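All remarks here apply to the structure that follows.
Since we're looking at a predicted model, the values are computed, not measured. We use all heavy atoms of the structure for the numbers below, so side chains are in, but hydrogens, waters and symmetry mates are not.
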Amino acid sequence: MSDSSTRHELSKRYDPSGIESRIYRRWVERNAFHVEADRAQDPYVIAIPPPNVTAALHMGHGLNNTIQDVLIRFQRMKGRDAMWIPGTDHAGIATQNVVERELAGEGLSRDDLGREAFVERVWGWVDQYGSTIIEQLKTMGCSCDWDRTRFTLDEGLSRAVREVFVRLYEKGLIYRGNYIINWCPRCQTALANEEAEHRDVEGKLYHIRYPLTDEPEAWITVATTRPETMLGDTAVAVHPEDARNRELVGREVDLPLAGRRLRIIADEYVDPEFASGFVKVTPAHDPNDFEIGRRHGLDEISVMHGDGTINDLAPAAYRGLDRREARHRVVEDLKSLGLLERIEDHLHAVGHCYRCATEVEPRLSLQWFVRMAPLAEPALKAYREGRLRFHPERFGNTYEHWMTNVRDWCISRQLWWGHRIPVWYCQECGEVLVAREEPAECRACGRAVEQDPDVLDTWFSSWLWPFSTLGWPDRTADLDTFYPTTTLSTAPEILFFWVARMVMAGLEFMDDLPFTDVLLHGTVRDARGRRMSKSLGNGIDPLEVVELFGADAMRHTLVNAAALGTDLQLDNEDLEGAFRVGRNFTNKMWNAVRFTLPYLAAEDLRRPPDRASLELTDRWILSRFATAAASVTDALERFRLHDAAETAYQFVWSEFCDWYLELVKGRLRGESGEESRLSAATSLAYVVDGWLRLLHPIMPFITEELACHLPGRSDDDTLLFGPWPEPPASLHDAEAEQALDELRELTNLVRNLRSEYGVDPARKIDVIVANASPGLGLALETEEAGALRLAGLAALAATDAIPQGEPGAHAVMRSGSEIFLPLRDVVDLERERARLAVEIEKLELQLDQARKRLDDRTFTERAPDAVVERERDKRRSLEERYARLREKRAAFAEAD
RNA sequence: GGGGCCUUAGCUCAGCUGGCUAGAGCGCUACGUUGACAUCGUAGAGGUCACUGGUUCGAGUCCAGUAGGCCCCACCA
């Protein structure tokens, strides 16, 4: 690679376009993200939550994948074999819906094509668009091991799915049966419990009279929210202890409209306090009624087709009506029969399909299920024993609750797109064959067999993701090396769908947790606090953000806004505003490095300069850098990415740029001699290299680009593999920090006074310092020139005592050092006296507080010594400043 | 019905194990084109940390309750 690509003058503004794609290409060309199993000594592994193949990148992806990339890059720089497995999910219903919609545009349905052609069509779609999101992840800078990209429906993963199905079946953990499941009448498939989203709906509660068979003038009243299901009633139930109603148990009622006789039965399920205490029992259309029905051996009459229309088991008048129309008709008919007692408003939760939001229909049907309790037990144990950790911790409660109340998982879907259920039925003898490979014939009778037409829930493949992607069920080197993975980062809403199930599968099939730490990030919201969504049209397109401000700016903004466990808000109507912080920061970094480049010593950037040869300011920035680096490292290790971003930002901007660069400018130009220049140049080089590394996980492009320009570096060098900055503890320098703190305080005080008295910024003024503390003395000894420049001073003089009563502005520092600006032309005596009075008053308040505390015996006795000592220091400092300021004021009074 | 979270500056939010004068960014005010950066610099205004009580030498931080907002789970029709 030649130098020509990057070795040019840096532009005045940072322009990420061009740079980012060039850098990414360079990484890919050297195959930098790939890790070979046989060379991985210390693996750190993340399996990406595979986005749906139908997906286009949204901010939720942006956030989650930034988080993962930060973690991966951090660990890679620390020297670990960081491997990030990418891939996509075939997303059964979602993808099938997309292609069906496409077909609908051509006036076709999937039935027009037939199963085979339809599936082929979906594959075609996947081939064409399925890698869109993968490409978009690259634009964001994600450092996935692209060689390992997997798809939940590829050959290897399909084999894993069949293997798992067969094993669970043989273990008795998969069964088939007729149960009430959640049915989406639009998608026309079964759903898992988790796939039905409960939402409150304003409904009605209908009170309906069922006449007693042997006493036609008398009736009982049942209450229902779904009158149309009465067509499938097969009993009426009361609570066995219900004093009001229990003598009716055993009698019969005439079911209106359907003309069927129903027995009144007693069942504990019924709440005797609710409404009249009678419940109509519809075993085929309600999960509770189903249970009652099984307990009492009731008929299960399903009165609906899969599409939600009434079927032939209902009276002719209702056949073919949609469930809504049927409800209306039933209510009207009951009204005209005088059997509708009343209708009340009723708020209740109704399940909705998580893919198309259609109201779910509880429906009796023959499906395949996984018995979950035996799988949940070890998964729960792992959490309780602390082997599985959640960040933030509170999600552990949610996990525990779900695990302890887990219900069997309906895994069959009446779709065409997905893993075909590996079960074959003999048409002759009814034999059921569950097999890894398609059987040629029935093992019982030798006749032809036919495969179950259904496919598996898409999560039935994703729950195997952490090991199926590594080659399982084969015992591969990848599997040995990279399983278990380390961290999982995802959105809390798929805790049950995916995270919990992966834990179960990992423990069941690999005998080990799939990961040890689960990081659950917040939700991205719009300016009004609403969740960003396609339907609301309030999303922000990450690609547009990258285009406008660069991936680094976006990543920084996202990480910076996403404190652990909190949602983040981004203004979708003001992109510029939303990403300003990150964008401005990239520009700041760019210019900071651009400025330093000509001055950097071409020493070994990675070796901290020897302290003995350094000047105070250099020792100070090295000390600050050591603190920042330790704190960023700690934050990243604890998944507190936000803190890491914040710390690095403050260090670079507020300490490095605002103070260090400003202070050393003159020295870098050689104004203080060669030795001084060298001290600054070597320190600068070490610190710049260091903070570029600290920021690389969050902002990989700009840091990589800038690092290439450092002396002795070329395009062939990269920050990818570290080393991660681990400055020696010896860089911590209390003396330098103390001195520079005082220097900064002095500068701030002078600036403040200048501003208050409206001194022309261009005007150089003098300052007199008296009673300088050792720290300030030390600072001025070496940094006088810097202080003069930053405070806009012409000269700085030290004396033993400030001239008494002379017109000018006064201040006293925390250390007790005094400052005097002899500004006889601008300082108004009256005003200065008033200003001092205000200062004195403020000090008095603080002093009172400190004294009160220290006078309190319980405080001095019970608080830790260190706290008490600090308080004493504070009082001492306050007393000193107080005394000095009062002197000033007194002097003014005399002078007047 | 159960569980969890939130309420801190005009706005968006930090503040982890309780301890110096509660922070950041944006916005606002005043001033500034001193050769890194106007995507900038300097200074400043702005907070009874929702409310009430408790624990403690000490509470934004811990506990209880109140009010408001949000989320998850749940088979009372």
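Nearest to the side chain of A/Thr224, among B/A77, B/A24, B/A36, sits B/A77. Listed candidates were B/C72, B/G27, B/A74. Nearest to the side chain of A/Thr398 is B/C72.
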(request) Convert the base pairs of RNA chain B into dot-bracket notation, remembering that pairs crossing earlier ones are written with [ ] and that bases paired across to another strand are shown as |; include only Watson-Crick or G-U pairs under 3.5 Å. (result) (((((((..((((.....[...)))).(((((.......))))).....(((((..]....))))))))))))....
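Within residues 555-576 of chain A, the residues approached by RNA chain B to less than 4.0 Å at the level of any non-hydrogen atom are A/Ala563, A/Thr566, A/Gln569, in residue-number order. Of the residues in residues 273-284 of chain A, those with a non-hydrogen atom less than 4.0 angstrom from any atom of RNA chain B are A/Phe274, A/Val279. Only A/Arg638, A/Arg640, A/His642, A/Glu646, A/Tyr649, listed by number, bring a heavy atom of residues 632-649 of chain A to less than 4.0 angstrom from any atom of RNA chain B.
Judged by distance alone with a 3.5 Å cut-off, no donor-acceptor contact links the side chain of A/Gln650 to the base of B/A14. With hydrogens and angles ignored, a donor-acceptor pair closer than 3.5 Å exists between the side chain of A/Lys588 and the base of B/C37. For A/Lys665 and B/A36, a side-chain-to-base donor-acceptor distance below 3.5 Å is present, hydrogens and geometry of angles not being considered.
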Find every protein N or O atom lying less than 3.5 Å from an N or O atom of nucleotides 44-48 of chain B, and list the pairs.
from  : atom 1 : to       : atom 2 : distance (Å)
B/G44 : OP1    : A/Asn752 : ND2    : 2.8

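For A/Glu737, the side-chain contact (heavy atoms from CB on, under 4.5 Å) partners at least two apart in sequence or on another chain are A/Trp620, A/Ser623, A/Arg624, A/Thr627.
Between A/Arg751 and B/G41 there is no side-chain polar atom (N or O) within less than 4.0 angstrom of OP1 or OP2.
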